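Working notes, beginning with the structure itself.
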Amino acid sequence: MIDLTQLNAEQYEAVTQVKGPVMIIAGAGTGKTRVITFRMAHMIRAGIPAHQIVALTFTNKAAKEMKERLLDITGKSAKGIFIGTFHSFCLRILREFAHDAGLDQRFSLAGTSDQIDLVRKALEEKGWQGLYRPDDILARISSAKNALLLPSQILNHDVAHFDDKDPAVLAEVYEVYERQLKLNRVIDFDDCIFKTALMLQNNPSLKEKLEERWPYFLVDEFQDTNFSQLHLLELLARKNSNICVVGDDDQSIYSWRGALVETLDRFEETFKGTRLIKLEQNYRCSNVILHAANTVIRNNTGRKGKTLWSASKNENPIILSSHGDDIAEARWIALKCFTLIGQGVKLKDIGILYRANAQARNLELALREHNVHYKVYGGSSFFERKEVKDFLCYFRLTVNPQDRLAFWRVINTPARGIGLKTLEKIEDQARSHNISPFDVLQRQLVTLDSKTKEAAHFFVETIRNIHTSPLMDVSDLEQRGMKIIKDFGLEDEIRSKTTHEGARKRKIDSLRRLPQWIKQLAESQIEDKGKLQLLDLLDQLSLSSDGAPSKDKGGDNHVSLMTIHAAKGLEFPVVFLCGVEEDQIPHKNSVNSELGISEERRLFYVALTRAKEQLHLSYARERFSQFKKSERKPSRFLEELPNTGVVSEHDAAMRAQVSEEQKKEIAINKLSKLKASLKSGFESR
């Protein structure tokens with residue numbers, strides 16, 4: 001049973017307005033997640049079948065939290081509802097309708113490092129290796145797919161929503177890259193949405209079928225949608241128009257990922273009669289912090305105006321401090337953390353935010369000096385580590401020996417003496433016989449020397465044996481993972497290739513935890529879907545970016561260090577925002593355009609609204625960058641802060657001193673009164 005009386009008036013309206021298009025402008029800390037979960041629970045209670053509702057998020061973590069909250073409220077009645085990312089939703093559609101999308105039924109997903117390898121090969125094919133960076137080309141291909149453009153359409157200069165610095169080069173590399181994806185029977189992350197949208201455009205009857213299947217849509221963080229995601233929603237939701245989007249244009253900070261800040265305006269144009277609801281009561285921050293955030297963000301034009309407010313009585317001022325250089329700044333932050341911990345503040349209640357990952361190094365060193373336990377969030381993905389990718393590719397091969405990308409990655413890991421020329425011969429035979437590279441080895445269609453032939457035979461037979469071993473329950477998955485590690489000598493490979501003892505131990509520990517982690521993922525899938533679907537499980541491994549196994553279960557006793565982008569959606573009682581300088585925030589790459597400055601201002605706004613009770617802003621007058629120290633100026637955004645509620649570090653210290661003196665004076669007065677009353681009592685006797 002859901003209790004709607006705990007909602008404020010605007011939240012209640014957002015939850016109960018089920019029919020027709022609804023746009024909820026949810027400011028930072030206004031109870032957005034509660035509204036979304038209560039809305040889905042209310043829909044189910046109103047008689048809408050759970051399987052007719054689709055809720056889309058932008059991270060697996062957000063989807064998981066939303067699903068857990070909903071199940072807590074509704075119990076089993078919410079079973080069947082789809083809650084997940086855009087990519088996982090589209091992947092589900094592509095799996096079901098692979099033939100309509102022009103895909104092999106058992107297609108695989110390429111990871112980021114696989115994509116870069118394919119781009120590198122495409123550049124080599126064109127004879128352009130060394131002229132272009134593969135990761136840069138890949139980002140441009142991603143932008144093209146987000147704009148729903150095929151290689152042949154890149155040179156169409158009439159495409160208003162797409163711009164590239166060298167479209168002719170992009171078109172040619174993109175075309176070869178696509179041929180390689182098809183050859184390997186894989187799709188990349190962008191294809192999940194790209195191919196789904198194209199399929200629905202070209203197949204009206206399938207589109208109509210899915211419109212009937214899912215008449216209700218709900219989208220979280222709508223301001224982060226890109227062109228392809230928005231178009232997909234228009235294809236599937238326009239007919240019924242029972243779509244609710246929740247977003248905040250003041251927190252649109254992902255333009256570099258293709259997000260369109262004008263998405264909210266376009267939604268209202270597409271879905272006529274949209275009901276606009278604003279959530280402005282903040283349940284996170286003090287009014288001092290909200291006043292500062294409101295004042296700064298008003299400098300952006302073209303936004304949907306709102307003013308956040310809070311019932312909080314906290315009046316702690318925002319503290320601004322200046323430091324000689326970035327090392328001094330880091331040491332000051334570490335000392336403040338040490339002091340706060342001594343005053344009873346928990347480690348997990350402190351967040352240190354910065355604009356760029358490079359700023360973390362000095363902070364780490366300073367925190368170590370004060371023995372303050374911390375954790376850095378961000379950096380390279382767990383799934384891009386070599387030992388993890390090797391294991392997962394072996395696992396994929398034991399499920400689907402036709403998986404080309406997995407085959408090419410592990411055929412020589414550990415080394416089996418199969419050189420580049422032999423690999424090319426294997427590929428030639430695979431093409432000429434229209435079979436997989438694995439089948440080429442299995443049929444012995446290439447000539448190998450005796451030692452290599454023996455190693456290749458062992459590889460093929462081991463994969464076949466594991467592939468045919470029964471999978472009766474999730475424990476068999478764990479056993480399969482352990483067998484892969486043992487039979488293919490993956491631990492020995494790490495030991496022989498990793499010289500640093502600490503790194504060697506970390507890699508082996510990560511490898512050993514993977515089989516159990518796959519078992520846990522399978523258990524979750526069975527609980528959610530009622531059965532084990534291996535292909536879906538493997539897709540989950542590729543799509544997941546925040547599901548890395550961790551030894552530290554529930555262990556959050558640390559100060560959190562992260563970029564402002566990574567902090568979006570999080571909150572901390574105490575926040576330190578460091579490096580508030582020109583060229584840092586706003587970033588030097590954004591200062592030459594008004595659009596860039598506006599997005600940096602939104603980023604600053606997001607940083608401010610992560611703090612619940614105490615907010616510290618700091619900047620350095622010199623910062624080490626590009627192998628030298630350079631002078632820095634305070635950020636222009638500091639000038640935009642209000643005149644009230646912001647004090648310098650010196651003023652804050654003086655205020656604290658006065659406060660202590662006042663406490664002493666009050667204590668002395670109380671003691672004097674007590675003595676006087678005692679004296680009076682004795683005299684009356």
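Values in this document were obtained by computation on a predicted structure and should not be read as measured data. The chain is numbered in sequence order, starting from 1.
- In terms of heavy-atom proximity, Leu138 sits nearest to Thr112 at CD2-O, 4.3 Å.
- For the residue pair Asp390/Thr413, the side-chain donor-acceptor check at 3.5 Å is not satisfied.
- With respect to the salt-bridge test (charged N to carboxylate O, under 4.0 angstrom), the residues Arg92 and Glu96 do not qualify.
- To the nearest 0.5 Å, atom CG of residue Leu347 and atom OH of residue Tyr374 are 13.0 Å apart.
- For Trp214, the ring pair (Phe, Tyr, Trp, His ring centres under 6.0 Å) criterion is met by Phe89, not counting sequence neighbours.
- For Pro134 against Ile116, the heavy-atom pair with the smallest separation is CB-CG2, 3.9 Å.
- For the pair Ile93/Leu200, no side-chain contact is recorded, criterion being any heavy-atom separation below 4.5 Å from C-beta on.
- Residues Leu232 and Cys90 have side chains in contact (heavy-atom distance under 4.5 Å, counting atoms from C-beta outward).
- Side-chain contact between Leu94 and Ile187: present, with at least one pair of heavy atoms (C-beta onward) separated by less than 4.5 Å.
- Taking each heavy atom of Arg140 and Asp166 in turn, the nearest pair found is NH2-O, 3.1 Å.
- For the atom pair OG of Ser108 and CG of Leu181, the computed distance is 11.5 Å after rounding to the nearest 0.5 Å.
- Counted by atom type alone, Arg464 and Gln442 present one or more donor-acceptor pairs between their side chains at under 3.5 Å.
- At least one side-chain heavy atom of Leu56 sits less than 4.5 Å from a side-chain heavy atom of Leu233.
- To the nearest 0.5 angstrom, Leu448 atom CG is 12.5 Å from His457 atom NE2.
- Counting heavy atoms from C-beta on, the side chains of Leu210 and Phe97 come closer than 4.5 Å.
- Under the 6.0 Å distance and 45° angle rule, Arg409 does not count as a cation-pi partner of Tyr394.
- In this structure, Ser510 and Glu387 approach most closely via the heavy-atom pair CB-OE2, 4.3 Å.
- Shown here are the side chain to side chain contact (heavy atoms under 4.5 Å, CB included) partners of Ser475, two or more places apart in sequence or in another chain: Asp473, Lys519.
- Screening residues 123-132 for side-chain hydrogen bond (donor to acceptor under 3.5 Å, both in side chains), with sequence neighbours left out, gives Lys126-Glu172.
- Here the shortest heavy-atom pairing between Ile426 and Phe407 reads CG2-CE2, 4.5 Å.
- Under 4.0 Å is where a charged nitrogen must lie from a carboxylate oxygen, and between Lys483 and Asp487 at least one such pair does.
- Residues Ile435 and Leu445 are in side-chain contact: their nearest non-hydrogen atoms beyond the backbone lie under 4.5 Å apart.
- The shortest distance between side-chain heavy atoms of Val559 and Lys375 does not fall below 4.5 Å.
- Counting all heavy atoms, side chain and backbone alike, Leu91 lies closest to Phe107 at CD1-CE1, 3.7 Å.
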